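Structure record follows, encoded as structure tokens.
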Amino acid sequence: MKRVGVFICHCGTNIAASVDCAQVAENLKGYPNVVFSTDYKYMCSEPGQEMIKETIKREKLDRVVVASCSPRMHEPTFRRCIADAGLNPYLLEMANIREQCSWVHPHDMERATAKATDLVKMAVAKVSHDAPLAKSFSPVTKRALVVGGGIAGIQTAIDIANNGYQVDILEKQPSIGGKMAQIDKTFPTLDCSACILTPKMVEASSHPNINLITYAELEKVEGYVGNFDVTIRRKARSVDLNKCTGCGTCWGKCPTKVDSEFELGMTKRKAIFTPFPQAIPNKPVIDREHCLKFKTGKCGLCQKICPTGAIDYTQEDELVTTRYGAIVMATGYELFDHSVYGEYGYGKYPDVITGLHFERLINASGPTMGKIKRPSDHTEPKNVVFIKCVGSRDETKGKAYCSRTCCMYTAKQATLVREKIKDSNVYVFYMDVRTPGKGYEEFYNRTTETYGAHYIRGRVSKITQDGDKLRVRGEDTLLGRPVEIEADMVVLATAMVANADAAKIAQLVGFSYDKDDFYTESHPKLAPVETHTAGVFLAGACQGPKDIPDSVAQAGAAAVKVCALLSKDMLETEPITSEVDTKTCAGCGHCVDVCPYHAISLTTIEERLLGQTITRSVANVNTSLCQGCGACTVTCRSSSINLRHFTNEQILAEVDALCQTIQNK
Amino acid sequence: MSDHTEQIKTAENGFEPKILVFACNWCTYAGADLAGLSRLEYPPNVRVLRVPCSCRVNPQFVIRAFQRGIDGVLVAGCHPGDCHYTTGNYYTRRRFLLTKRLLDFVGIDSERFHVRWISGAEGPKFQEVVTDITAAIKAIGPNQKLCDYFPTETLLPNEGGDNQ
Amino acid sequence: MKYAYYPGCSLDSTGIEFNLSTKAVCKALNVELWEIPDWNCCGSSSAHVTNPYLALGLPARNMAIAEEAGLDVAIPCAACYARSKNVELAVKESDDTRRKVAMMIGREYKGESKARALVDVFYHDLGTEMIKQKVQKPLKGLKVLTYYGCLFVRPTKTAFDDAENPISMDEIMTALGAEVMSWSSKTECCGASLSACKSTVGFPMIEKILDDAQKSGADCIVTACPMCMANLDMRQEQIGKKKGVHYGLPVYYITELLGIALNLPPKSLGIDRHFVPAIDLLNKIEPTTGGGGQ
């Protein structure tokens, strides 16, 4: 016989005004397993809790039901309360007679009281099957992995490292730096992007707690919060990083020229190269696809001239597995491929370029040494047209969302054109000008007022090539008139989109992403840097379009979350997890397939059967990974897997308790 | 049997069905709490049973409730794509499509059984759904199938539980 | 190969030569055309600004008759095609629309009979390889501009070719041996009926296209839309005179040039009916014997 105590709360008049609490307490007297039942004005108050504790001791209660507000409100309170009285905190059930009874049935006391009685009886039925549960603990590996070495990743790593934890930055390119390294100036201050980024890159590379893993990719992620086992593929660099000094002799002599990815194909690089002069590590890689040595077996010039003998053609990809306590995803973004826009020339007109091309054109270390020159004939453009929302806010051909940064970078680029080419005309076609940021609106106003950029509200319907000019035809919707501009160069503000492999990587690590492949935060307001997967955090534009200040802010936030996690020696894990009855488990593995957390696996057990030792497969739950959803319990054909605290028996007992009242009516 | 004559009588003078709602902890239970917080009135016929996820609801629980005489069952969880456990409600959706057909097969009007997606922000939707379902089940009348074979003793919350 | 067909109001009046050449070319290419008995106007652009259901009902009647005969409809005129395709998609999309249309026209149209542009039939069903083999008189040395206009491949929902850069007529002309020039007014609007009702707006639109064409260095323009033909051909002299320019750009229907390449007599194709003299240019093309033809 269980000894259940029932405590009905009035919540002042919140409950008592429409539920006869004394009657409910009375109704429960004599109900199976109930040895004590009472009502009280404020059960959560100090005297209320004291009363519960005293009653537990006096009446030797071994289980408690509190009927009051929602368990989402006070379950922790009453768990603590009964724990203080010496009971296991999981031997408590709550009946929600406020939010789900008194507040929604204020005008029918008789039926509200009957409903409250039902709810309490269900809680008694459930608590009678409650078993004591204990939280378990798992150790935390005090090392973090940051995936992506752009500004978001670099900042996250620096912040974590400054808190005293080890961090690895994983970058797929040969150098860290990301998109910010390609940008010329930053809005709204117009300070030089490289001048503020390169010190961060140097800090990351020289920090004693930060370890750079460049030219490498994620291969496999196993484990769980506190203990992720991450396998990283270090791609064969063909250069021994320990021997190489970055002197540059090799790429000086290399005979093979290839379009430079960093300069978006506007200049050439060598087959052995660093992506840009400030690269970190400033040590080259060999692009095996284009290198003569790898293509034809001839050449080998770089190896011959390398003064330190660092070139190694025999290097192979290397798989390294490391354990991390937390993972931060900072994989960044790509730019929308505007070749779907036939009206803008399908990407075929040489002088229709993207904003990022423009950044390289205007950059002092770029292909034109910072002189704005048209890609087609290298002349200075006089009439420059900017088109905003290319790929964003366009559900037909692009993405529905606003890409958020384009209004500002277009304003910045328009300013720079006017500054560098005094007799230029700048036209900006826009749908709306969105400048929600500190100093942003002022910057935009300067662009139009001081710098005289012509903003035209409307879309461009067509760009046609007319000799060496581009004819840009659109509509000025404020004047209600078609406009046509003869332009020398057109700059498209292409949207930020998720990386092509974003979804693949999310699946590999095991967290969710949205319809546009941006990574989904745990809560859009209250948990913006967490994912639904414990121990995996987000920073930067992989979560959605973001400018540099926002990315850096989010990086700091993610770093704090990581540090909070790594500061613990042990992690508490919720005991509401699945358990397997190996006696009846047939080892079919259906539960393995449905588990969203990969928490279930098959293991082999040995047992004696008819005098012989046999081995068989059974399911095994990793309770550190299990989040307690219960999907497996329904899948199991022999009901061998059950969810603690929400067992089949408990739920059926609640169902029965509810239906009994129908029978007894 | 006299209970049933009793029930049919109440049906004639305003039958009040009893409806069981399986609500997932993260969305629908929170939605029901929000309905309360917003003081949205609905018929007192529904009883909410909290489960971690709608995918915890075994179709057998539903069948058992009907066997024991419940008039209607609602299983409610997060909207597809919003599951706290990423994919749980997809299982719910598939399982209960089949359950509806099974109910028809065993002779329980499948209109007594509903699956709905109600988020934690949808207090008004919770109110609307339970109000509509209550009205619909009122129109169908009391559930008299199967519940004849109901031995009262097994209802008592016993010591060990059914399968232990 | 057999299709239902109807000329429509334009090909029955201002665009007679389009009808003549369509019939002659189809016969030469063994494409059998069955003229829809008692066909009616598609409603063009007037119907859908008057009443959306009228705009569905008018073309639906023609399509329903073809459907009863079990034939797809090959449509020469760009406007007829657009209206017919529109109703085909509309009745397939919505049962409600289908019922309303049936009530209006007194017969059922289920959308089973498909509206096809004649150029689409040439391009996709016959294919440029097949057309190339039939050519007897390659259009050697003829520099043409393909002009699709705004309606022929728009909206994208009803289009059989790319809306921004269509290529079906280009490839057919290449198969005929002509040199296809590139220009940027390929899919521009000619102003349609604005040249008649509001010439201050309509004429500059035509002028821009003609200027573009002249700049490209082409000999002529080829189109598949009777409205475009009317504007570019009939208004050409009037517009040229205003600015003191002689364009001298013959405009052909694609079927006319197909006919020439198939070595049909120009008069049988109606080429003598143009405003801008169009026969002289074609006479310059030297007939070659054994040019791949049969």
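Note that the coordinates shown come from a computational prediction; the quantities given were computed from them, not determined experimentally. Labels below follow one simple rule: chain letters A, B, ... track the order of the sequence lines, proteins then strands, and each chain is numbered from 1.
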Could you report the tightest heavy-atom contact between [X] and [Y], atom names first, then the distance?
X: B:Y29; Y: A:P71; answer: OH-CD, 3.2 Å
X: B:C55; Y: A:V634; answer: O-CG2, 3.1 Å
X: B:L37; Y: A:W103; answer: CD1-CZ3, 3.5 Å
X: B:G36; Y: A:V104; answer: CA-CG1, 3.7 Å
X: A:G630; Y: B:R56; answer: CA-CD, 3.8 Å
X: B:C53; Y: A:C629; answer: CB-O, 3.5 Å

Donor + acceptor pair across side chains of [X], [Y] (<3.5 Å):
X: B:N45; Y: A:R111; result: yes
X: A:T635; Y: B:R95; result: yes
X: B:E41; Y: A:H105; result: no

**Message:** Need one label for B:V57: side chain, backbone, both or neither, based on atoms under 4.5 Å from any heavy atom in chain A.
**Reply:**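 Backbone only.
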**Asked** Quick one: what part of A:Y597 sits under 4.5 Å from any heavy atom of chain B, side chain, backbone, both or neither?
**Response**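 It is the side chain, since no backbone atom gets that close.
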May I ask you to decide if [Y]'s main-chain N or O and [X]'s side chain share a donor-acceptor pair within less than 3.5 Å?
X: B:Y91; Y: A:V594; answer: yes
X: A:K115; Y: B:V46; answer: yes
X: A:R72; Y: B:N25; answer: yes

**Request:** State, with a plain yes or no, whether a side-chain heavy atom of A:N96 is found less than 4.5 Å away from one of B:V48.
**Result:**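 No. Closest side-chain heavy atoms not under 4.5 Å.
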**Prompt:** Hey, which of B:W26, B:Y85, B:F22 has the most heavy atom pairs under 4.5 Å with chain A?
**Reply:**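 Looking at each of B:W26, B:Y85, B:F22 in turn, B:Y85 comes out on top.
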**Prompt:** chain A: which of B:P59, B:A30, B:S38 shares the most heavy-atom pairs with it under 4.5 Å?
**Reply:**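 Of the candidates given, the most pairs with chain A belong to B:A30.
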To the nearest 0.5 Å, what is the distance between [atom1] ([X]) and [atom2] ([Y])?
X: A:R98; Y: B:D33; atom1: CZ; atom2: CG; answer: 9.0 Å
X: B:H84; Y: A:Q627; atom1: NE2; atom2: CD; answer: 7.0 Å
X: B:F61; Y: A:E654; atom1: CZ; atom2: CD; answer: 10.0 Å
X: B:K18; Y: A:D118; atom1: NZ; atom2: CG; answer: 3.5 Å
X: A:I651; Y: B:R64; atom1: CD1; atom2: CZ; answer: 11.5 Å
X: A:C636; Y: B:N58; atom1: SG; atom2: CG; answer: 10.0 Å

Counting only heavy atoms not in [X], do more than 12 sit closer than 6.0 Å to its [atom1] atom?
X: A:Q507; atom1: CD; answer: yes
X: B:Q60; atom1: CD; answer: no
X: A:R637; atom1: CZ; answer: no

